[in-house]
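Counting convention: from 1, in listed order, for ligands and their atoms alike. The chain is numbered in sequence order, starting from 1.
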Amino acid sequence: MKFATLASCFERLNVTSSRNDMTALLARLLAGASPDEIGIVCYFTLGAIAPGYSGLTPGIGERTAAAAIALAGSVDPAAVEAAARELGDYGDAAARLTVAPPEGSTGPLRVTDVHRGFMEIARASGPGSADRKTRVLAAMLAAATPPERRYLVRLATGEMRLGVGDMTLLDALAEAFLGSKAERPPLEHAYNISSDVGLVARTLQESGLAGVSAIPVTLHHPIRPMLTQRVSRISEIPERIGSRVIAVEEKYDGERVQAHKDGDDVTLFSRRLTDVTHQYPDIVRHIRRCVTADTAILDGEAVAFDHETGTYRPFQTLMRRRRKHRVREVAGEIPATYRVFDLLYVNGESYLRRSYPDRRARLEEVLSPDEKISPADRTLTGDLDGITEFYLACIERGLEGVVCKSCAEDSFYRAGAREWQWIKWKSDYGTELADTLDLVVVGANAGRGKRAGTYGSVLCAAYNHEEDIFQTVCGMGTGFTDADLADLPRRFAGVRVDRQPARVMVTPQAVPDFWFAPARVVEVLGLEITESPVHTCNWDPEWRRGLALRFPRFVRWRDEKSPEAATTTAEVAAMFRRRREG
Ligand code: ATP
């Protein structure tokens, strides 16, 4: 496949206003890819060059992009920077450049050539690597047409802005190879356990559904984490969870960490499935020492525990480990403890389809705990009193709450799913709204007066999982510090687009001054959920009403969350219903 074919499809995706059209365009594109191209087409469409967990990214900053564009077009980097400032994007600046065809040109760029180029860029390291990256990118740019240059640069800088999500791509694969997007579930399952949409695509093309169903759990490839549901009254938990015996576990406020142990080789993945092994050398050591199975995949939370005072330190303390340098020193200052709450694989066997009691029992067999690694503390109960008692004891110990887990026979580990088998209950419930919402920023209004030069408010949306679109819930302008406000233009520079993204649904009253591709997630506190003609969350076409969050306040950015991990419109609807009923 020519890279120009891909670029022209991207150009059309950019001006598509419906998610269905987006899926149809992608399905046609994927159907035309060969076995060695289809995975690459998937990664490129998502703005990546490899599965996220591989950590392989071109890692090209604006300065290097400008240098490469300048080199390819024989112009001054300052002129490229000026064009990028004017157009708001280095990709557009590259497209505008006139480049003479290279001497001895070897014909059009192919998707596989571009991928090879980006892999070389991603793997370049050590002295002279910045220069090598510039030259490889410049060579590709020099051989490219204007639309191709736009996407080469956007891929290089990681700012694709197409707004295509994993589920859109899986729908397109189902449409291309299975006849309809209704056939997505088995593909989604394979994706949930492999976290590699390129692998799912290649397997589907080569060996059909049978091949996809046989994709195994693989060490060092993260499994998408199972998520928790919420309720607005603790008394709802026993009924919702639907099992006679309920396990009530301590809820830790740290970082979700999935650990893969393969002999002495240990890899740790974050909630967003990025490799965070280097952040936790101490946890790696203890996994090697204390997990007796040869191979295992554990799910748990890394927490900052102060052994001197016997208390847990807040999440923010742990986040200071998110660094490239001085990791060991900081690890000494902020000792981390790994509280393991699940076992997903052991000695070559997947445990995903085992019940929670079985998984927990096996976990206790293969983990000999010490002060740095231990199974989550818990109690087993059959009623509300048992839950409440354990919850109060947790709060007293400085924890943020509990996670209740079903012990039913079918309490499997549901990778990537948020179902009623795990329900959280936290200490901040009962004040204002029960729990904060994690919303996706899809636009902003220009700031006026004191906020001139930045954005005055941002437009926030919840994720509609069924339709794979984003529906707005509120505009938010409060809770920001002056520094947060000043930083908004930088934070959103890479995702600004010039029209309404296809997967975003708004009413005419909520149309913002600027649009953003759905990418950045923000945690928001609000007073209550009400019906509203302005917002499209759970939109009722007959009554022309959706749901809105009143008095939203900024809490913090959730950079570790993908837009599809945001609060869902179904969750917002459930919060609204329970408030009204309660
Ligand atoms: P979510 O992960 O549900 O989208 P979140 O990241 O905002 O939401 P919370 O809503 O506070 O986090 O709670 C869910 C998270 O709690 C899990 O993702 C996990 O990281 C953490 N957690 C802590 N203790 C446990 C436990 N015992 N069992 C499961 N998850 C736990």
Query raised in the report: If hydrogens are left out, which of M226, E301, E571, R256 has an atom nearest to atom 18 (O) of ligand 1, that is, the closest non-hydrogen atom?
Result: R256

Query - Residue-ligand contact E560/ligand 1, heavy atom below 4.0 Å - result: no

Query raised in the report: Between W557 and F492, is the gap from one ring center to the other below 6.0 Å?
Result: yes

Query - Any K405 heavy atom less than 4.0 Å from ligand 1 - result: yes

**Report entry** For atom 8 (O) of ligand 1, the option (of K561, R230, R339) bearing the nearest heavy atom
**Finding:** K561

Query raised in the report: Heavy atom of R558 under 4.0 Å from ligand 1?
Result: yes

Query - Contact check, K426 vs ligand 1, heavy-atom distance below 4.0 Å - result: yes

**Report entry** Pair E349, Y351: side-chain N/O donor-acceptor within cut-off below 3.5 Å
**Finding:** no

**Report entry** Of the listed options T567, T228, D438, closest to atom 14 (C) of ligand 1 (non-hydrogen atoms)
**Finding:** T228

Query raised in the report: Can you tell me how far SG of C474 sits from CG of L437, rounded to the nearest 0.5 angstrom?
Result: 8.0 Å

Query raised in the report: Quick one: do the D171 and T168 side chains pair a donor with an acceptor below 3.5 Å?
Result: no

**Report entry** Cationic tip of R353 above F412 ring, under 6.0 Å, 45° of axis
**Finding:** yes

**Report entry** Residue-ligand contact E255/ligand 1, heavy atom below 4.0 Å
**Finding:** no

Requested in this report: Please identify which atoms of ligand 1 are closer than 4.0 Å to at least one heavy atom of R271.
Outcome: 1 (P), 2 (O), 4 (O)

Query raised in the report: Does Y356 have R359 sitting over its ring (NZ/CZ under 6.0 Å from centre, angle to axis within 45°)?
Result: no

